[in-house]
Number of protein chains: 2
Amino acid sequence: MKVDSILASRTKFMTASEIRELLKWITSDVISFGGGLPDPSTFPVDEISKVVAYVLEAYPQRALQYGSTEGVAELREELAKFVDSYAGIKARPENVFITVGSQEALELLGRVFIDQGDVIITENPTYIAALQAWRVYQPRLIGIPMDEHGMVVEKLEDTIRKLKAEGAKIKFIYTIPTAQNPSGLTMSQERRKYLLEIAEKYDLLIVEDDPYSYFLFEPIQVTPIKTLDRSGRVIYLSTASKIFAPGFRLGWVIADKEILDWFNLAKQSLNLHTSTFAQYVLLEGLRRNIILKNLPRVKELYRRKRDAMLTALETYMPPGVSWTKPSGGMFIWATVPPHIDTRELLVTAITKYKVAFVPGHGFSVDQSLTNAMRLNFTYPTFEQIEEGIRRLAMAIKSA
Amino acid sequence: MKVDSILASRTKFMTASEIRELLKWITSDVISFGGGLPDPSTFPVDEISKVVAYVLEAYPQRALQYGSTEGVAELREELAKFVDSYAGIKARPENVFITVGSQEALELLGRVFIDQGDVIITENPTYIAALQAWRVYQPRLIGIPMDEHGMVVEKLEDTIRKLKAEGAKIKFIYTIPTAQNPSGLTMSQERRKYLLEIAEKYDLLIVEDDPYSYFLFEPIQVTPIKTLDRSGRVIYLSTASKIFAPGFRLGWVIADKEILDWFNLAKQSLNLHTSTFAQYVLLEGLRRNIILKNLPRVKELYRRKRDAMLTALETYMPPGVSWTKPSGGMFIWATVPPHIDTRELLVTAITKYKVAFVPGHGFSVDQSLTNAMRLNFTYPTFEQIEEGIRRLAMAIKSA
């Protein structure tokens, strides 16, 4: 069979995740800063074992049966309480929608909203997998630069005005305001308010992706943009992957019911519903407060790992290399001299120096950030952080 | 926010699952033949409890961590053994791909292969959720009629010739050859061979959806079409939902690696990967042979439920009503006199007679089967089967 000849035309816009392709190359002697994995020592294994046993004893027939597309009702109720107590977000259970990780929420956004040529505005750089999910739908991606206080919202209004003048259809503004992926930077509260004002003025949706506000290491006073939303224009995404365990593939969306009704319709075709069993495990986890009890320990570990990586960067990097000081999250964004293309550097880094990272170009809307890279500090051990940055510095010096 | 005004154009092709909409209406006094749920008494709860405890003790950090898009390597290996021992399908682990239920496999087929106007050939009637998943991609759906030996393959070649003459791009032939949904009918071995011959002659893909061959009640000698496939043109789908538990949302695809590489790329955007934890639970379930040990008991229960429903239909139905004699699976397909539209009948049936079913039109490619319905016999109890069919007969008589 010649499969190539019968592919849909959209299929050519599907691009492999460089992160996932990269993971395949890596042999056991390579230190990887490439993935975005939590430290597995943070998984609350004992508590999860108890919860799982309880779920199968207390209501096995519900937990093992098919469920509704929007998610298990009790979990949506419990998550509504959780986002209120944790982040001050007021939501009713009908405003909560369960997804197969927050990646599925990104897909649902593309599927429900994006026609070819529609405009999506993002921070630049932004989360590589969001760009990838949306590229299949062929939007025009517009990036807004960042500084140490997050997206430079001051430049946003001008951009929107120009786009509107061109007749562009702007579908939403995508932001990871807290401890952003890949930069680790956090948007100031003033800019959050300003961003929402602009969205209101031009009647635009905001997608607030928030996997990392659980891991804010600095005393920055910010609230989710969703807490300021009075007109139902903020679609808030979060996930259990970093605070509970990624292996359950559980994410949630907090949004207006009208939007969630469309997500529901779209998700029916994708996979009917998210694993009922996994949802009941998270439900009991929330009821027993496992997440919030576990969080301080995890946050402290990740803060120390960030500091270890910053120290190693200071110690080993040659002049001409700079990097962000992440206020939280899982990543540092490093910039090397402009003559170095980090895609080429990666090959040498892996094969000769046995260290890996994600090249920066995939995080930029126009693939233009060729002399940057994303470094993960949560998964490697302290020893690997020190040794890996030493190796990376050698690779950069050799380039 | 006016959400309607910013939806993508494809979103209007998303239609609600009538089955799932229906489930919402149903109060506790309604007997439902509407869903497609397994009998929850068939879930091997004790064995699953042991397996889950073992997984969390033996390798918690792998089971709770992120995984690869194609699925857990050991599970793919174990499933390759399972499909060989169970169904005689020869596959290497690289030919096995794990999905979020087999619904996700249907979505992947649409996403990777279907452009607007492409032709998909199916049995008529066929599985409602497959049609729904593909309609978003706007194919031209062509139905081939069925008789008691399944799809009338004799009519297929003519149809293909006409389509080719029109310049149509046929993307695949979709069949549920064994204990079909919604008819319960099984394609004869001769027709399976003939179908494959035609596919080879016209160089077409076959999608063989096989959730029900585990529940074939009659001594019909058939093998999956995939076992006859020498040119890698059969994409075989199956699921753990009916033989283990639906709550884990686990399905698998057996196909040529080239096709699975495209599925991999597409799935990365959809949800990165299927729940690692659920995959390890199924892996240990397979290693302990839980499925095959449990199956005879489940099959016998479903056979008795089918017989109970056939008896009740004989007892209560008025003249002018006919139904299939399913050779297996979970469903009976009933036809009422042509003047009755089963969509209208359903409203009376639920509100006045307290019984529910799925109207037939959604199962036909052109929505033309307005005087038919699908009846599920696996989920209701024996008492509900008898009483529900009695009520349904009254509703039909009153129409």
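What you see is a predicted model, and the numbers here were worked out from it, not measured in a lab. Proteins get letters first, then strands, A, B, ... in listed order; numbering begins at 1 in each.
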**Student:** Go through the structure and list residues passing side-chain contact (heavy atoms from CB on, under 4.5 Å) with Q116(A), not counting sequence neighbours.
**Tutor:** Q138(A)
**Student:** Contact part of L7(B) toward chain A, heavy-atom cut-off under 4.5 Å: side chain, backbone, both or neither?
**Tutor:**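 Backbone plus side chain of L7(B), per the 4.5 Å heavy-atom cut-off to chain A.
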**Student:** Need one label for S231(B): side chain, backbone, both or neither, based on atoms under 4.5 Å from any heavy atom in chain A.
**Tutor:** backbone
**Student:** Just to verify, which of V234(A), I170(A), I173(A), I235(A) counts as forming a side chain to side chain contact (heavy atoms under 4.5 Å, CB included) with L205(A)?
**Tutor:** I235(A)
**Student:** Any salt bridge linking D261(B) with K257(B)? Criterion: basic side-chain nitrogen under 4.0 Å from a carboxylate oxygen.
**Tutor:** yes
**Student:** Let me know if A53(B) has heavy atoms under 4.5 Å from chain A in its side chain, its backbone, both or neither.
**Tutor:**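 Contact with chain A: none, neither part.
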**Student:** According to salt bridge (charged side-chain N to carboxylate O under 4.0 Å, His left out), does anything in residues 97-116 of chain B pair up with another residue at least two apart or in another chain? List the pairs.
**Tutor:** E107(A)-R111(B), R111(A)-E107(B), E104(B)-K267(B), E107(B)-R111(B)
**Student:** Between W134(A), F248(A), F244(A), who has the most heavy-atom pairs with chain B when the cutoff is under 4.5 Å?
**Tutor:**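 Between W134(A), F248(A), F244(A), the count favours F248(A).
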**Student:** Counting only heavy atoms closer than 4.5 Å, note whether D118(A) contacts chain B via side chain, backbone, both or neither.
**Tutor:**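 Looking at D118(A), nothing touches chain B.
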**Student:** Identify which part of D256(B) has an atom lying under 4.5 Å from any heavy atom of chain A, answering side chain, backbone, both or neither.
**Tutor:** neither
**Student:** Chain A heavy atoms under 4.5 Å from T274(B): which part of the residue, side chain, backbone, both or neither?
**Tutor:**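 For T274(B), the backbone is the part near chain A, not the side chain.
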**Student:** Looking at L270(B), L109(B), T99(B), which one forms a side chain to side chain contact (heavy atoms under 4.5 Å, CB included) with F263(B)?
**Tutor:**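 When side chain to side chain contact (heavy atoms under 4.5 Å, CB included) is applied between F263(B) and each of L270(B), L109(B), T99(B), only L109(B) qualifies.
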